[in-house]
Amino acid sequence: MASDASFPIDNVPAAGGMSHAALRDAIAGRRGRIVTGWMFTGPAVVASIAYIDPGNFATNIQAGAKYGYTLLWVVLSANLIAMLFQALSAKLGIVTGRNLAELARERFPWPLALVMWIVSEIAAIATDLAEFLGGAIGFSLLFGMSLITGMAATAVITYGILMFNGERFRRVELVVGLFVAVIGVCYVVELFIAPVNWGGAMAGLVTPQIADADALLIAVGIVGATVMPHAIYLHSALTQSRGMLNSDAERERVLRFSNREVIIALALAGVVNMAMVIMAAAAFNAGNPEVAEIETAYHMLTPLLGGAAATAFLISLLASGVSSSVVGTMAGQVIMQGFFRRRIPIWLRRLVTMVPAFAIVAMGVGATQALVMSQVVLSLALPFPMIALIVLSSDRALMGRFANGRLTKIAALVGAAVILVLNAVLLYQTAFGG
């Protein structure tokens, strides 16, 4: 099912539109370090928007308002796990020239690949729900429109950005990078305004604790909002098209740039996540711990911290909703094309995951509660791409000398185990209420 309007994951020219000659010069070391670094910057920046999407707003507000700084260690731990898995995903694309979905379809038994695809589509629906709701809440607060109308506005803007991208990843990388910068600046402003207890924040970063079952639910939601299945799939697709690499020396050079970008981009995303929790803790925990809704948080920020804080919050939410919806669509295309070897029109890809999100809102489900639960669904879906990525990136026949070493494999297995344990405890709590 091909179409001129399909998102061109599988035939992107060079590195998102940059010339092959320029890329070859950079790979060969004939350009300066700064220029080369810039040419290979983009994939991790795009992936990082998944770590500061509207789902993060919902879980981080609840974490900070109800539990103060005590769940910051969860944000930090999730961010470190995310760095590792995004680096592995990038490496898979760079070394093999294929993405995670393609390799899963080719190298795993078809029944297992089918299960992975079904779970990935469920995760895509949960992702779209979070992204559309974030944009819808922002438009609702800004223009007084209904959530459904706000979701429609988010869908139209998302489609427009993707059409603007056309055949060039570089354009959308720059647009998403701009949105990431806007979100980051907004939270820098928030931290200067909020009366932060920095000692309490530092203690929360290094002192693991889960106060009760509700804290566990929020903690799993934080993990689901931070380590995202679609970002793991997408990153390998973005790096597979950064240029044709002809030797291990070239792959190693590109990997160095990729790893640096992953660390920088996800570190910045992690700081923004922590800033969300810190802002909510400083503004609401002492006098308004019951604040759980994004809309309530926005309306209460003006009397508590002033109009500038509320405005920065709203701008960052809008930027997050729109940009993460763009990235979610790109990831959905990667997943569908990788597992079924078919390109589909953007409007159809949008429809597949957008309709359930609209239906959930039309049923009257609370916006912020739906956001939190969507992150829990993502956390439950996450082990599938994580385990697949560990298996594939550790396969020496596939990866050659770039296969995961013992320490990397152990760290990845520990990260996956943390996710599995959190999920198991959550399911027990849900099933038995204790």
Side-chain angles (χ1 to χ4, degrees), residues 1-3 6-12 46-47 50 53 55 85-86 88-90 92-93 96-132 162 224 227-241 324-357 359-360 374-395 398 412 416 419-420 423:
M1 182 186 297
S3 168
S6 5
F7 199 76
I9 296 295
D10 50 3
N11 64 346
V12 179
V46 171
D53 76 355
F85 280 89
Q86 292 304 146
L88 292 181
S89 178
L92 190 70
T96 68
R98 311 302 297 276
N99 64 61
L100 177 59
E102 291 171 339
L103 290 169
R105 172 65 180 86
E106 293 172 5
R107 303 182 75 87
F108 295 157
W110 172 238
L112 176 57
L114 180 61
V115 170
M116 285 187 65
W117 173 73
I118 292 171
V119 171
S120 298
E121 289 298 338
I122 293 172
I125 292 171
T127 300
D128 258 6
L129 174 61
E131 292 158 354
F132 275 119
L162 289 168
V227 190
M228 302 282 278
H230 73 287
I232 292 177
Y233 282 109
L234 178 61
H235 206 153
S236 59
L238 293 173
T239 56
Q240 79 178 109
S241 60
S324 60
S325 187
V326 170
V327 172
T329 302
M330 295 168 66
Q333 288 287 81
V334 167
I335 292 167
M336 181 69 78
Q337 290 175 199
F339 281 110
F340 282 92
R341 300 172 182 168
R342 294 290 187 275
R343 295 174 61 191
I344 64 173
I346 287 181
W347 67 264
L348 183 57
R349 177 67 246 176
R350 283 281 69 198
L351 202 62
V352 168
T353 50
M354 186 172 65
V355 169
I360 289 171
S374 74
Q375 304 313 302
V376 175
V377 171
L378 292 175
S379 186
L380 295 174
L382 184 58
F384 288 88
M386 290 182 83
I387 294 171
L389 182 59
I390 294 171
V391 170
L392 292 170
S393 61
S394 300
D395 186 345
L398 175 67
I419 303 296
L420 290 171
N423 290 344

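Applying side-chain contact (heavy atoms from CB on, under 4.5 Å) to N99 and the options V334, L92, T239, L234 leaves one that passes, V334. Remark: of the listed residues L382, V327, D53, D53 is the sole one forming a side-chain contact (heavy atoms from CB on, under 4.5 Å) with M228.
Counting only distance, with no hydrogens or angles, the side chain of Q240 and the backbone of G97 share a donor-acceptor pair below 3.5 Å. Formation of a donor-acceptor pair under 3.5 Å by the Q86 side chain with backbone atoms of A231 is found in this model.
Interatomic distance, CZ of F108 versus CE of M116, reported as 6.0 Å (0.5 Å rounding). The CD1 atom of I232 sits 13.0 Å away from the CZ atom of F384 when rounded to the nearest 0.5 Å. Note that the CG atom of L100 and the OG atom of S393 stand 9.0 Å from one another [nearest 0.5 Å]. S120 contributes atom OG, which lies 5.0 Å from atom CD1 of I335 (distance to the nearest 0.5 angstrom). How far CZ of R98 is from CG of L392: 11.5 Å, rounded to the nearest 0.5 Å.
Residues passing the salt bridge (charged side-chain N to carboxylate O under 4.0 Å, His left out) test with R105: none are found, sequence neighbours excluded.
Between V46 and M330, the shortest heavy-atom distance links the atoms CG1-CE, 4.4 Å. Between F339 and A113 the shortest heavy-atom distance is CE2-O, 3.6 Å. Here the closest non-hydrogen pair linking S394 and I390 is OG-O, 2.7 Å.
Identified under the side-chain hydrogen bond (donor to acceptor under 3.5 Å, both in side chains) test for residues 109-119, with sequence neighbours left out: W117-E121.
Looking only at side-chain heavy atoms (C-beta outward), H235 and L88 stay at 4.5 Å or farther from each other.
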